[in-house]
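So you know, we letter chains A, B, ... as the sequences are listed, proteins then strands, and number each from 1.
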There are 2 protein chains.
Amino acid sequence: MTDIKTGINPLFLREEELRQGIELLFFAYRDFTSEPDAILADYGFGRAHHRVIYFVGRNPGMTVSELLDILRITKQSLSRVLGQLVDEGFVTQKPGIRDRRQRLLALTEKGIELERQLTERQRARIARAYREAGAEAVEGFRKVMLGLIDEADRPRFPLRQPPRR
Amino acid sequence: MTDIKTGINPLFLREEELRQGIELLFFAYRDFTSEPDAILADYGFGRAHHRVIYFVGRNPGMTVSELLDILRITKQSLSRVLGQLVDEGFVTQKPGIRDRRQRLLALTEKGIELERQLTERQRARIARAYREAGAEAVEGFRKVMLGLIDEADRPRFPLRQPPRR
DNA sequence: CATATATGTCAATATGACTGACATAAAGAC
DNA sequence: GTCTTTATGTCAGTCATATTGACATATATG
């Protein structure tokens, strides 16, 4: 049970290592969302609005179904949040061309501006962490994070192809 | 704007890299919490109960203030969740010896069992991701995650504190 | 034409968060 | 020994976000 050389129980180390992983996720996510949350409060919005704005901004022209699939909430839950964003002029809906039942979602100028403002803080936080940790650590971070995601969802990455020049 | 050799805009790459970081956090956290959430539903509990059970289990004898400081919620919010857990016999409270105003928190046997059941899934998920990514990647993951946490909170790691009182 | 799909909506409910005000017991300061 | 602060709890009201279930509408597809 106890390593003769180090006097340390290797199973305990492993347990401790895994619990640190759990805690890193909790604290990183807690702090990662706290800055945008404060900005959203000024607009009377919550985190759910941020998620919608983020993914619509990231994927202009996406359908409601695609958004539901990413967020993993019910359409009734999405409905109110999305409705507010449309009513207040942050998001537009237009019928699909191939399939006119679809409502293709996109950000308005106002929506783009809010998205920029919200994501800026998170981008800055990640940029700082990446810079301080170094390129090699970033590679490791990506590998582990990808491994934490359900296998079925992994092909989603990268979410978007860089435009060709 | 465009690199002559690669034909790729380096600013775009950086933007893309940062957005992937944002998304990795979102998806990893979403999937990381989904399994325990399903178990909690059987008990009529939510994610807030899990957080309390986790941190009390991790830090037996902790005070209510310490827990509030970790969770960053109001005492009124904690009150109901903690009260339920005490009422239903998952958590015990006993007065501090040095300071009898304190209610030192700990898990009962039943609480330990539920904590084990909940955390097991998350531990397994992390163990799998660590194993697949390799030791070096894990080091990088830890560095980046720590960098994402507010500087003031970082001394919290590693979390295990010397037993007080 | 019949069925399936994409989306929306109404209603009821639950969880978990908030602010603000007030209460109590105990500790610490003077 | 009083005075003040701290640790905790509680009451009351509110809000954001999620749920399930049922039903509606428009459009696509076989």
Answer yes or no: are there more than 12 heavy-atom neighbours, outside Lys94(B) itself, under 6.0 Å from its atom NZ?
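12 or below, so no.
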Between the base of [N] and the side chain of [X], is one N or O donor paired with an acceptor at under 3.5 angstrom?
| X | N | value |
| --- | --- | --- |
| Arg101(B) | dT6(D) | yes |
| Arg80(B) | dG16(C) | yes |
| Gln76(B) | dG9(D) | no |

Taking for each residue the nucleotide of DNA chain D bearing the nearest heavy atom, is the 5' side occupied by Arg100(A) or by Ser79(B)?
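Between the two, 5'-proximity favours Ser79(B).
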Go nucleotide by nucleotide along DNA chain D from the 5' end; which of Asp99(A) and Lys75(A) gets its closest nucleotide reached first?
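In this pair, the answer is Lys75(A).
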Rounded off to whole Å, could you give me the [atom1]-to-[atom2] distance for the [X] and [N] pair?
| X | N | atom1 | atom2 | value |
| --- | --- | --- | --- | --- |
| Leu67(B) | dG9(D) | CG | P | 10 Å |
| Ile73(B) | dA16(D) | CD1 | P | 19 Å |
| His50(B) | dA17(C) | NE2 | P | 14 Å |
| Leu68(B) | dG16(C) | CG | C1' | 14 Å |
| Leu40(A) | dC15(D) | CG | C1' | 15 Å |
| Arg98(B) | dT6(D) | CZ | P | 16 Å |
| Phe45(A) | dC18(C) | CZ | C1' | 19 Å |
| Leu78(B) | dC18(C) | CG | C1' | 14 Å |

Any side-chain N or O of [X] below 4.0 angstrom from OP1/OP2 of [N]?
| X | N | result |
| --- | --- | --- |
| Arg103(B) | dT6(D) | no |
| His49(B) | dT15(C) | no |
| Thr74(A) | dA18(D) | no |

How about Gln122(B) and Tyr54(B): does a side-chain donor come under 3.5 Å of a side-chain acceptor?
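Per modelled atom types, Gln122(B) and Tyr54(B) side chains form no pair under 3.5 Å.
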Any side-chain donor-acceptor pair under 3.5 Å between Gln84(B) and Tyr43(B)?
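Per modelled atom types, Gln84(B) and Tyr43(B) side chains form no pair under 3.5 Å.
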Would you confirm whether the ring centroid of Phe26(B) sits within less than 6.0 angstrom of the ring centroid of Tyr29(A)?
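No, they do not, as the ring centres are separated by 6.0 Å or more.
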Categorize Gln93(B) for me: base, sugar-phosphate, or nothing, with a 4.0 angstrom heavy-atom threshold over every strand shown.
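Sugar-phosphate: the residue Gln93(B), judged by heavy atoms under 4.0 Å, touches backbone atoms but no base.
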Students often get this wrong, so: under 4.0 angstrom with heavy atoms, is Arg47(A) touching a base, only sugar-phosphate, or nothing?
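Touches sugar-phosphate only.
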Among Arg123(A), Arg121(A), Glu115(A), the one residue meeting side-chain hydrogen bond (donor to acceptor under 3.5 Å, both in side chains) with Thr119(A)
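Going through Arg123(A), Arg121(A), Glu115(A) one by one, the side-chain hydrogen bond (donor to acceptor under 3.5 Å, both in side chains) with Thr119(A) is satisfied by Glu115(A) alone.
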Which nucleotide sits closest to the side chain of Ser77(B): dT20(D), dC18(C), dT8(D)?
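For Ser77(B), the side-chain atoms sit closest to dC18(C).
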